[in-house]
Structure formats: structure tokens, C-alpha cells
K.L.:
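One structure coming up, written as C-alpha cells, with questions to follow.
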Amino acid sequence: MKILKNLSQITVSKNIPISKAVRKISFHESGVLLILKKRKIIGYLQEGDIKRALLKNNYSHETKIEKIMNKKPFTIKSNLSLKDKIKKLKINLRFRAPIVDEKNRIQGLLYFTNFTQLSDKQNYHFKTKLRKKIFIVGGAGYIGSVLSRLLLKLNYSIVIYDIFKFGISPVKDLMKNSNVKIIKGDASDTKKIVNTALGSEAVIDLSGIVGDPACDLNPTKTIVDNYINSKMLAEISKLLKIPRYIFMSSCSVYGLAKGKKKLNEKSKLNPLSLYAECKIKAEKDILKIKDKNFCPTILRLATVFGYSPRQRFDLVVNIFTLFATTGKKIHVFGGEQYRPNIHVSDVAKAIKLVLKAPIKNVNGEIFNVGDNRLNLKIKDIALIVSKLNKLSKKKVIIDKSSKDPRDYHVDFSKIKKTLKFTANTNIFKGAKELNAKIKQKKFRNINKVLFNNFSIESKNLYN
Ligand SMILES: NC(=O)c1ccc[n+]([C@@H]2O[C@H](COP(=O)([O-])OP(=O)(O)OC[C@H]3O[C@@H](n4cnc5c(N)ncnc54)[C@H](O)[C@@H]3O)[C@@H](O)[C@H]2O)c1
């Protein structure tokens, strides 16, 4: 509990724009601004007032705070004892209040500095009110729809911001959860992003065109969606004083590696596609703007596999699983190339660890996300998956003449050491779970374009 007597740090003019108020409010632990006239309070502004105003369409960052301030704030009389003042805050479920004398002149600001000082009822009220908000761009996708559910379990409140390329159904059941806000919007819509991301603890960027073939279909759109949007999202996050920004990159930035040495975060990059090139450019520009108040972290994901409410069947383990489950042959092109793998729920776990890590451990850092035990040759992945349904080995066809140029053996020691991350799900377990979902007929019309990123991009391009 604190009484602030020197109010100059939190006193502002009624004519300042919301954008300035946002910056000022985040500099003081009380989380409030006062507007005074002849020592009397004519306005009172909390973070929540700003958020509510920005969510209404008729207010913008240029709006003067006079239009949104609370003109009749709750106050406490200075003649009460400290004990009674605190009691009054608690009874009224307030976290803070200005103290005024008998003539309503401001004397100070009383506020709690520590939640242990709150009553149970107050605690519940504030804990639910002050859940940390995580803004997930691309939150309805393959990884996003798994991550969203994990963050809700961890008591975060989330905003799923997405253009819903694959529809809203992967997150539709979350709509009734009061801790979820679902917003349809494009990552390039800066105004919408500013208005909806304000007050977040972190922005997680999972958006863009995903995968080499899908990106090659429309290079200009790929550069905008995968590079410019991500760089801009990071810049907006910094401007809004959002402390953390997590960007999803890919191990494909390593491309073809010469020699057998495992690639770590400091290894030379060798992009073989526009997808990988855009990831590298975005990584560099995002890391450039880090400072002690803005903590960007880059996650270079291994190839993801496993079941998600937004299923993909264009990823190596998932395609092989689909073939194995439906009794088809598994064709392997080349087979000797190494590919690192990671289960989709382990990606969500890695993101959680970054969110919870001390800033000093993740600020400006790049992590390969995977597990050394899951670095496998493609032909070995096919053989593991072929054990599902006791598929005959004869059904794994290895075409040695064809060779995929992407071959990388990645080192995941840094994430293990810094964040204590190891994968919970191996390939067989993940494939088995997906195999069961296919058998349960979880996916209607499994050959639909919705399950394949290349197909959806070509449909959008040619329709
Ligand atoms: N899945 C993998 O194997 C893998 C591997 C490495 C990196 N990654 C990266 O992880 C991230 C998520 O991948 P995913 O597999 O979940 O892909 P996904 O295609 O399933 O999800 C992307 C989501 O972003 C949304 N989106 C796309 N463009 C948008 C835009 N302009 N504005 C708002 N929303 C937009 C889509 O509607 C979709 O819901 C991507 O950045 C991807 O490059 C994925």
C-alpha cells in the first residue's frame, strides 16, 4: 500500500492525445493519470478507460483524453484514518483512489502495490481483471489454435487476431470463453492492430504465408505478409510499450548445410526459398529494435507435426500418417536428408517458456525450437510412421534418384540449456494420435484444400 504525495509524475493536461497518455501511464506503477484544475480533480484516467475507448470505433490515438476521462472518480476523504481508507478501497473493490480534503482538493493517491494486501474478494476481482493479455496474430492457424488453448489453461486472456484463411471453426468453440476475444483482421491493418493490441503483455506473430510452395505462388504477397507485416507488428508493439514480441521463424533458414556439423543459432544461413529469405529479413529487422523495455525473441521452428484443431496434411509426418492410416504407399523422395521435427503441442510449450522466462534470458535471442532426439532422416520418419497399422515395409517406396535440396541437422542445445525445453511427444506418439483422429473421422472431406497451405493459396490466387 502506498500514498503518493508528489502527483506531478501522474498529472497531465486534458488536451493530450490518447497516444501520449498510453506512454505516460505505463511509466508509473499506479497505472493512473490525473487531470487537475486549481487542485481539484476534473478527470481521472486508467488503462481500462483507454482500452475501452480505443475499442470503440469513434476514438483514435489522436483523440484528446478529455473525451474519455472519468469526470466523477471515486475518491477517499483525507480525514479518514489509514485503516479506514484501506477498508473503503477494499469494500468498494478498488485498487486505487485519489485522496481529497473536505473542499475536494487533491491530497494524494492511495494504491495497492502488492496483491497479497488485498482481501479474497478483491483478489478474485483483480486477478480476473488483470489477467495478462496475449495478442496472437495468426491465432486460428495450425500452431495458433493449439497455443490459444494452452494459454487459456495458464490463465492468460487472449486475443486471436486472424484473417481466417482456413475459417473460424478451429477456434469457434473458444468464442464463449470470457477470456477470449476473436478479431477478424489483416496483420497489415495498422489501425486495427494498434486499437486491439494495446495493453498486451506480449504479441506472438504466427501469421503469414506458410511453406515454400505456398510462398512461391505469389512472391509480392509473400514479401508483404511474411516480412513487412512482421517487421511492422514488432514496431507497433514497441510503440505501444508491449514488453514482449515473439516471432515464429523456421529452421529452413539453414537450407542446405555442407558437412555433418549440427547447425546452431550462430551457424551460417543458407536460404533456398523466398519463404526462408523473408524469415531471415524479418528476424534481422525485429532484433534491431530490441532495447531494455522491448524484448523480441525469435523462434526457429523445426518442421511441426501432430494433431491440431486446424489440421495440416502438408507436413512430412502428417502426410505420411495420412497415407499410412488410409493404407496408401508412402513415397519418399531422396530419404537421406535430415529434417528436425517437433510436435505442435511442444511448440506451444516452447512459446509458453519464452513468455514466462526472465527478460534477460530471452531479450534479442534466437532459439532453434526442437529436440536433438527428433533430428531424423526422412526415410527413417517414413519407417517409424509405417509401424502404424502394421503397414508393410513394402509400402514405403524410397526414390533415391530424386533429392530434396533442403538438408539440415539442427542443434537444439541452446533452448534446452536456457529454457529447460525438451519435447514431450516423439514422432510415433504424435503420428499415433493423429492416426486415431483420422479413424474417428475428425476431418470431414480429408482431401479438402483447407488442410493444405499450398492448395489454399492457389485457390485464393486463381479465384
Ligand atoms: N508448421 C510448421 O511446420 C512451421 C515450421 C516453421 C515455422 N512455422 C511458422 O509458424 C507460424 C505458424 O505456422 P502454422 O503452421 O500455424 O501456419 P497456418 O497457415 O496454419 O497459420 C497461419 C495463420 O495466420 C493467419 N494469417 C495469415 N496471413 C495473415 C494476415 N496477413 N493477417 C492475419 N492473419 C493471417 C492464417 O489465417 C492462419 O490462421 C508461421 O509463421 C510459420 O512460418 C511453422
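Whatever order the structure lists them in is the order used to number ligands and atoms, beginning at 1. All heavy atoms count here, side chains included; hydrogens, waters and symmetry mates do not.
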K.L.:
Measure up the F313 and F443 rings against each other and bin them: parallel (under 30°), tilted (30 to 60°), perpendicular (over 60°).
P.N.:
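Ring orientation, 0 to 90° scale: perpendicular.
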K.L.:
Please enumerate all residues that pass side chain to side chain contact (heavy atoms under 4.5 Å, CB included) together with V180, with sequence neighbours excluded.
P.N.:
L152, I158, I160, L174, N177, I182
K.L.:
State whether the number of non-hydrogen atoms from other residues, nucleotides or ligands found under 6.0 Å of K165 atom NZ is greater than 12.
P.N.:
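Atom NZ in K165 is crowded, with more than 12 foreign heavy atoms closer than 6.0 Å.
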K.L.:
For the ring pair F135 and Y161, is the centre-to-centre distance below 6.0 Å?
P.N.:
yes
K.L.:
Less than 6.0 angstrom from the centroid, inside 45 degrees of the normal: does K132 satisfy that with respect to the ring of Y156?
P.N.:
no
K.L.:
At less than 4.0 angstrom from any atom of ligand 1, which residues have a non-hydrogen atom? List them by chain and residue number.
P.N.:
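Contacts of ligand 1 under 4.0 Å: G138, A140, G141, Y142, I143, D162, I163, F164, K165, F166, G185, D186, A187, L206, S207, G208, V210, N229, M248, S249, S250, Y275, K279, L301, A302, T303, V304, R310, R312, L315, N453.
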K.L.:
Do we get K437 above Y307's six-membered ring, with its NZ or CZ under 6.0 Å from the centre and within 45° of the axis?
P.N.:
yes
